[in-house]
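Counting from 1, the numbers follow the sequence of the chain as shown.
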Amino acid sequence: MTPMHFSFTSAFILGLMGVAFHRTHLLSALLCLEGMMLSLFIALSLWSLQVGATNFTPAPMMLLAFSACEASAGLALLVATARTHGTDRLQNLNLLQC
């Protein structure tokens with residue numbers, strides 16, 4: 001495994017571990033998801049450059065567009081949660097209540 005592959009893999013795994021183990025605030029979970037998406041974007045764009053596949057070049061831009069949509073939806077949920085519950089702590093949220 002090259003150092004480049006190791007860095008992208010470790011960045012993705014660190015983001016995944018952040019989502020799995022550090023679930024105190026909604027903002028920290030959203031930042032971990034964004035870090036995972038950015039590591040996937042960089043890995044996918046460098047992979048398409050290394051392979052030289054011209055048919056696959058729009059895929060990283062589509063992934064970046066989807067991650068921007070994911071970030072905006074996450075921030076909208078964060079604002080709505082902070083307005084209704086007064087905090088973004090995930091322990092205070094009960095998804096079964098309205």
Revision key, fill the gap. Value for OG (S7) from CD1 (I42), rounded to nearest 0.5 Å, stands at 8.5 Å
Revision key, fill the gap. d(I13 CD1, M36 CE) to nearest 0.5 Å is 10.0 Å
Review point. Nearest 0.5 Å, what's the OG-CD distance between S45 and Q50?
Key: 10.0 Å
**Study point:** Cluster check L44, M62: I/L/V/M/F/W/Y, side chain < 4.5 angstrom
**Key:** no
Revision key, fill the gap. Note: E34 and S67 closest approach over all heavy atoms is OE1-O, 3.8 Å
**Study point:** Linked, directly or transitively: V19 and L30 (ILVMFWY side chains, under 4.5 Å)
**Key:** no
Practice item. Give, for atom CG of L31 and atom CG of L26, the distance between the pair rounded to the nearest 0.5 Å. Key: 10.0 Å
Exercise for review: Decide whether S28 and H25 meet the rule of one side-chain donor and one side-chain acceptor closer than 3.5 Å.
Suggested key: no
Check your understanding: So how far is it from D88 CG to L77 CG, rounded to the nearest 0.5 Å?
Key -> 12.0 Å
Review point. Side chain to side chain contact (heavy atoms under 4.5 Å, CB included) between L75 and S72: does it pass, once the steps are laid out?
Key: CA-CA 5 Å; L75 286 176; S72 66; 5.8 Å; no
Review point. Roughly how far apart are W47 CH2 and H5 NE2, rounded to 0.5 Å?
Key: 10.5 Å
Check your understanding: CE of M61: more than 12 outside heavy atoms within 6.0 angstrom?
Key -> no
Review point. Among the clusters formed by ILVMFWY side chains lying less than 4.5 Å apart, do M17 and L33 turn up in the same one?
Key: no
Revision key, fill the gap. Heavy-atom nearest pair, A11 first then S39, reads CB-CB, 4.0 Å
Study note, to complete from the structure: For L64 and L38 the tightest heavy-atom approach is CD1-CD2, 4.4 Å
**Study point:** side chain to side chain contact (heavy atoms under 4.5 Å, CB included) assessment of F56 paired with V51
**Key:** CA-CA 10 Å; F56 202 66; V51 173; over 6 Å; no
Check your understanding: Within a strict 4.5 Å, meaning less than it, do heavy atoms of the L40 and F8 side chains meet?
Key -> no
